[in-house]
Every structure is written in structure tokens, then in C-alpha cells.
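Everything on this sheet refers to the single structure shown next.
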2 protein chains.
Amino acid sequence: MKIRLKDIALRTGFSINTVSRALQNKEDIAKETRQIILATARELGYIPNGLASGLRSGLTRTIAVILSDVANPFFAIMTRFIEIAARKNNYAVFVLNSGEEQELEEQAIGIAMNKGVDGIILFPVQESARSIELLRQAKIPYVLVGRHFDHEDTDFLITDDINGGYLATEHLIQAGARRILLLNGPGHMSCAREREEGYRKALKAYGIGYNSGLVIQHEITHGNTYALLKQILANRFEFTGIFAFSDVVAWEAIYALQEAGIRVPEQMKVVGYDNIQSQLYYPFPLTTIHISKDRMAFRAVEIMMKKIKGEAELECYQEIFETTLIVRSSC
Amino acid sequence: MKIRLKDIALRTGFSINTVSRALQNKEDIAKETRQIILATARELGYIPNGLASGLRSGLTRTIAVILSDVANPFFAIMTRFIEIAARKNNYAVFVLNSGEEQELEEQAIGIAMNKGVDGIILFPVQESARSIELLRQAKIPYVLVGRHFDHEDTDFLITDDINGGYLATEHLIQAGARRILLLNGPGHMSCAREREEGYRKALKAYGIGYNSGLVIQHEITHGNTYALLKQILANRFEFTGIFAFSDVVAWEAIYALQEAGIRVPEQMKVVGYDNIQSQLYYPFPLTTIHISKDRMAFRAVEIMMKKIKGEAELECYQEIFETTLIVRSSC
DNA sequence: TTGTATGCGTTATCAG
DNA sequence: CTGATAACGCATACAA
């Protein structure tokens, strides 16, 4: 049998209202009264009905995380940290995958709204800014993570991807690679554009000409890089280094390289992005760009909480996290 | 401004009730009426309030997935498939991490109940059966995945871990390993016990004595295997094969082996479990035991839906999925 | 086929 | 400090 406030009220002789206020730790309740109520609530195994309280109060203590694909370790790690932080704040999190498809992202936003979430942490697909429009219209607190829109004034937490792209490319160059394949994400993603900007800067700084044939924008969904690289390797190719959009992309690439009998780093130098290995011990030591996944996730939740409570001091929280090079054995 | 049924009612001239019924596609509504209502609902951008409908109807179209740690690729993959299937059924999923701690798992169950989920998919910690007790008392539909209780009559989906353990061990033996370290999960986990049973069976079948010093039960949380193996390798050791509880455990082990300068598979043969590489292209080809993560996840959701709708034909759904050996290069 | 009335469990307002 | 009452938005039973 489900216990309601009413049951506790009946048992203790107080009114439903008093019980509610006592359990909420409101101030104008006698100490003794509160104790009695808390005790019987515990005794009866009372679990508040979040739907009812959410409906009435307008707060559900629930947020949604909308991302590309939780099966991708980068997003899985982010999700984990977000859940840890959310739970500390007594929040539960919905996980919704967009699969990097604009339509599914918008659908996910709709689901989140339907569920009455207090806020949304969004890793936006960026095929259009309609998601932002939706969020804004609904007046629901949100924070973008990892990517941001140039012409929209939103909160966001991103990493210094120009610098990251520069560091990765520079390291490849210093390792002797002149022709460097950029296995980038699609151009609508701000982080992809910025990583490419860093790539270009580094080439320029080292006096290497930019070759558009070496810059590949592709869908970064599961298996796509692998298929693509298989194809590339089947033909003539003249690069000796690869800068991958992410560690996952790098792995897929290396997987394809291995199948083609090309050794990393001897014959091909590879640098990834995200430093997933900061959270998982993979036996393949990938040189990569580190970003602080934990700090970003925690900060995202922190901002979310402030916005929900209406404590946001600033118009927009926009933070750029540092990127650093981690040298392992792939380059 | 949030659109409610009332707004659509006002706009169309029908009553709230009619609008509600029209949007639910109930039968006793005039075709034309329905069309008008649907059109204005769309026009106004109506998003139903799931809290209100959930409160009233008792169904929230929401489930919870409670698992060890989404950052672990195995659970991430399962979560992904579960979300896909749930979403097809118009369900959203809460992800709650237990961190393999009984207390956090029970807390997570409480959160799920508070949120009014229609059902729970649980990868149980199994330190105690109290979680099952909670679930049962609350009369909330649930399915256990990956692990099951011997003395509890519950729905569960597991894999044939005795066979899996046997196949892994047999393969190690056939590859020439006689002294095989079993890096197992804790003994309270049914799947760990069953994998060990398979291990023992294989040893016996090949006339190899069981050596309890080679069987290690340990917490399988992030980083723990790595630390443990570092310690083991620092001392004298005499095994030439490792059967790891999971691919993640295997990776951590191999990571430690590499740091110790021990080559896989030349000096040490390793077999993992779960075949995470069926979903992710990792450039380290791990020999492992395959389990159908997609089929298990889809089935879990399918069962969940049936139980929620009260269509469950059987007392308990108990299914054991096949395990097969995947040979790659680590053994 | 449609409308009215009621209640889901909680919180908020206000009176006592 | 406590209690009565209304309201959140929707779905259901029943009346029309």
C-alpha cells in the first residue's frame, strides 16, 4: 500500500498540511511535532509522490541530459559525472539520445518538457538553432556543453578547441608528420570548426601549406569513421599523421589502420581528442587532447541549479575550459 | 506561455474533456472534432503535462535503469539500447548509478519510486536481496538483468555464464595456459559465481587442479583491477593466462601488464567478457565471450512494457541468453 | 458524440 | 504554530 501524507496525518492526528510542512522542514512547525511526523513517516516508509509535488510546486527535481549517444564513452563519462552532481543536489536525470540528428534532438526536448524537467543539459547537434528556439520559448533553463552557437546568446561550457586543435597538430608536426589527415566532425558543429581552425593555425605556424583534400568532415556516429578510413586506405594516400576529432574516432581509425597492416605510430601518427583514458584504462595508449570532463559536468550541474533556483547572477554563463596535450604512444 | 488543454478548449469551443479525449485518440469523438482539436493543438504547440496525466492516470511513461556505472562501456551500451527501445514505446528513461553499492541502489529505487516510474530495469548489486523486497512491496514492475537471485522468484534476463566461463577457460587452456588467474567480480554477484563455476569445470575437464590462490574476487569498480594487478605483478607470480570478469577488467589488467613490460598474448594470454567491441571499435583486439547486449536490452524493455500493461502471460520471465567465444588476438 | 463533476497527492494561501 | 481550502493539469465516470 502506497503511503500518502494523508496516512501520516491520520496516524499522527495532525492535518495533511502540517505533515507536509513538517516534512519540508519549514520553520514554523513545533520541534516536537516535526519529530513525531518524521518518525511516523519513516515508520510507514513514506515516499513522497514527486508527480503531485511537481505538479503543484512547479519543480520536479529532475533534469534531462540530451546527447549524441551514451554508448560513446565520452558522453557516458559526462553522463556519469552529471548524475553524480545532480544526485548530490537531490536531482534525477533523464538520458535522451539524439544520435546527432536534429529531429531526434528536438523530439528529445519535447519529451523533457512533457516530463516537466526543471532544466536541460544539452550537447547540441547544431544542424539548426531551432532547439535553442524551443528552449527559449518554453523558458526552460538550459546549458549547452561542448558546443555553442555563434549567433545565439546562451549559456555554454566549451573547451578551448582552437588551442586543442593547435596543440594536436603541432605535436604531429613535431613528430615528423607533414601531411596530416584531419578526421573531423561535421562542419555544423562549432567544436569541429574550431578544432580545424587550430589545425590550420598550426600548419601555418610551421610553414606547411593547407591541403583541403586532407580535411575530412564526416558523421561521427558509430562505425562511420571505420568505414570511411577503410575506403581511404583502399586507395592511394599520402598522409603520415591523423588528427582525429575524438578518441572514439581515433580508435576507429586505428582499428582500420591495423587491419590494413599500418603500424601506429611507426607508419602513422595519431592524435585523438577528449582523453577518455583519464577515466578508463584502455591498453592502447593514445596521444590526445585532455579536457576536464568532471569539471565541465560538475559546472554544468552547478549552473543548472543556480538557474533553477533563480540565483543566476549573470546574464549568461559562458566558460571555456582549458585543453592540454597528453602524450602517450600513438604519436 | 505554457499551453494547457484548457487553452485548446477555449480556442476550439469544445470542453476540456473532449479535447483530452480527442488527443488520446479515443473512439467516441467525431472525426471532424478530432481534426480541429489536433490542428489547434499543433498550432499552439501543445505539450501535454506528463506530471498531471501521470498523477491522474497512474502511468508516467517513464522507467528507471539502475546500474553500476554508466561510464562503464558495458552499461553504457546497455543503457543506449534500452533507451532506443523505450523511446519506441514512448517511454523516457532515468539513469541511476549504484556504483555497485547496495545502499546507493536502494536509494536509487527510492528515487525511482518518488518519480513515479512505471517500472525498473535493475542490474542488481546483490549485496542483499533487500532491493527485491523493496520492489516487491511497492508492487512496481521490475526486471533484473545480468544477475539473478537464487532464492527469489523474480523476472530476470541473464547470460549462460557457466558456459561462458567454461569457454573462456577452455580457450586459455588450449592456448597453452595451465595456471590461469581468474580476475573475478565479488562473490555476491551471481554472474561472478557462475563464471567461476565454468572456470572450474573447464579445469576439471582438462585435468588441471584447482588452485584457490589463482582465483581472485575483487570489487570491479573503476581502477580497482589496475591497482590490484600492479600489486600482484610486483611480487612473484606464476600464471600465464588471465580470465577476466569483463572486458573492462581485462583492459585494466592488460594496462597493468603493459606497464610491467609483459606482452599479451606472447607472455600472458587474456580473455575478457561481454564483447564490448561488438559496439565499439577499440584497436586492441580482445578475445572475449560475446553476449547479445542489444537483444537483452530490447527484451528487457519488451518485458517491462508487457508487465506495465498487465499483459504478462507468465508468472516470471526468466531467460538465459547464449554465450559464445570470440577469438581475437589477446589469446 | 459531448459536457460536467470529481479526484489524483501535493503545496500554497490565508485564516485562526 | 496549525488547519481548512483551493489549485496544479489532466483523465475518468457518468450524465446529457
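Lettering follows sequence order; numbering is per chain, from 1. Keep in mind it's a predicted model, so treat the numbers as computed, not measured.
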Considering every strand and a 4.0 Å limit on heavy-atom distances, what is the contact class for [X]: base, sugar-phosphate, or nothing?
{"X": "Ser20(A)", "result": "base"}
{"X": "Lys26(A)", "result": "sugar-phosphate"}
{"X": "Asp28(B)", "result": "base"}
{"X": "Lys2(A)", "result": "nothing"}
{"X": "Ile29(B)", "result": "sugar-phosphate"}

d([atom1], [X]; [atom2], [N]) in whole Å:
{"X": "Arg4(B)", "N": "dC8(D)", "atom1": "CZ", "atom2": "C1'", "value": "10 Å"}
{"X": "Leu51(B)", "N": "dC8(C)", "atom1": "CG", "atom2": "P", "value": "17 Å"}
{"X": "Leu59(B)", "N": "dC10(D)", "atom1": "CG", "atom2": "C1'", "value": "14 Å"}

Tell me whether [X] is salt-bridged to [Y], with the criterion being a basic N under 4.0 Å from an acidic carboxylate O.
{"X": "Asp7(A)", "Y": "Lys2(A)", "answer": "no"}
{"X": "Lys309(B)", "Y": "Glu302(B)", "answer": "no"}
{"X": "Glu152(B)", "Y": "Arg136(B)", "answer": "yes"}
{"X": "Arg61(A)", "Y": "Asp118(A)", "answer": "no"}
{"X": "Glu43(A)", "Y": "Arg11(A)", "answer": "yes"}

[N] OP1/OP2 closer than 4.0 Å to side-chain N/O of [X]:
{"X": "Ser57(A)", "N": "dT11(C)", "answer": "no"}
{"X": "Ser15(A)", "N": "dG3(D)", "answer": "yes"}
{"X": "Tyr46(A)", "N": "dT10(C)", "answer": "yes"}

Please determine, for the side chain of [X], which listed nucleotide ([options]) has the closest atom?
{"X": "Leu55(B)", "options": "dT12(D), dC8(C), dG3(D)", "result": "dC8(C)"}
{"X": "Ile16(A)", "options": "dG9(D), dT10(C), dT12(D)", "result": "dT10(C)"}
{"X": "Phe14(B)", "options": "dC10(D), dT2(C), dT2(D)", "result": "dT2(C)"}
{"X": "Arg21(A)", "options": "dT2(D), dT10(C), dC10(D)", "result": "dT2(D)"}

Any N/O donor-acceptor pair, Arg56(A) side-chain to dT10(C) base, under 3.5 Å: no

Residue whose closest nucleotide on DNA chain C lies nearer the 5' end, Ala52(B) versus Thr33(B):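 Nearer the 5' end of the strand: Thr33(B).
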
